[in-house]
Amino acid sequence: KEAEARSALDESSASAQDAARELRAAKAEAEEATAAAAQRERSLQEALDRGVAQGKQAREEEAGAAAGRSQGAEAAGARIAALTAEANAARAAAMQAKKA
């Protein structure tokens, strides 16, 4: 009986050691998976941050371009008004010359 009990104890001890090894291996795999997931999350966050920054820059550039177009349109409008006034003055001078 003692030999059977010793044999059962040895088997139980071996099983416990196997289970402990498997547990350590599973824990190591879980830690690696967690580290990989954290790295992936950091990479995704960095990509998101870059995308947001690029979007902001594009909006700022478009706003600047729109302001430039607005200023160009204002300058063109002022130039047209000046040319119109000049043409009107020339017409008035021509009419005065005809009358004289």
Side-chain angles (χ1 to χ4, degrees):
K1 287 186 177 182
E2 188 177 319
E4 287 178 17
R6 206 176 287 254
S7 176
L9 182 60
D10 288 345
E11 285 181 31
S12 177
S13 178
S15 292
Q17 289 175 357
D18 288 344
R21 274 192 294 276
E22 289 177 19
L23 181 60
R24 283 191 297 273
K27 183 179 177 186
E29 285 180 32
E31 288 171 353
E32 288 176 17
T34 300
Q39 177 60 41
R40 179 73 177 141
E41 183 178 355
R42 283 190 298 275
S43 295
L44 290 172
Q45 186 62 48
E46 289 168 2
L48 177 62
D49 292 346
R50 281 192 305 275
V52 168
Q54 289 171 351
K56 181 179 178 185
Q57 181 180 0
R59 285 190 301 277
E60 289 171 354
E61 288 173 0
E62 178 56 31
R69 287 191 298 271
S70 177
Q71 288 175 347
E74 288 175 17
R79 180 78 176 128
I80 290 169
L83 291 173
T84 301
E86 194 177 307
N88 289 339
R91 263 190 238 118
M95 291 181 93
Q96 288 296 326
K98 281 185 182 180
K99 288 182 183 177

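Bear in mind that the values here come from a model prediction, so they are computed numbers and not experimental data. Numbering of residues begins at 1 and proceeds along the displayed sequence.
Checked against side-chain hydrogen bond (donor to acceptor under 3.5 Å, both in side chains), R42 has the following partners two or more places apart in sequence or in another chain: Q39. Remark: R69 engages E62 in a side-chain hydrogen bond (donor to acceptor under 3.5 Å, both in side chains) (not counting sequence neighbours). Under the rule for a side-chain contact (heavy atoms from CB on, under 4.5 Å), the partners of L48 that lie at least two apart in sequence or sit in another chain are Q45, V52. Residues passing the side-chain hydrogen bond (donor to acceptor under 3.5 Å, both in side chains) test with Q17: none are found, sequence neighbours excluded. Take E61 and apply the side-chain hydrogen bond (donor to acceptor under 3.5 Å, both in side chains) test, not counting sequence neighbours, and it matches Q57. Residues meeting the side-chain contact (heavy atoms from CB on, under 4.5 Å) test with K56, sequence neighbours left out: R59, E60.
The salt bridge (charged side-chain N to carboxylate O under 4.0 Å, His left out) analysis of residues 21-40, with sequence neighbours excluded, yields the pairs D18-R21. Applying the side chain to side chain donor-acceptor pair (under 3.5 Å) rule to pairs touching residues 4-16 yields E2-R6, sequence neighbours excluded. Applying the salt bridge (charged side-chain N to carboxylate O under 4.0 Å, His left out) rule to pairs touching residues 86-95 yields nothing, sequence neighbours excluded.
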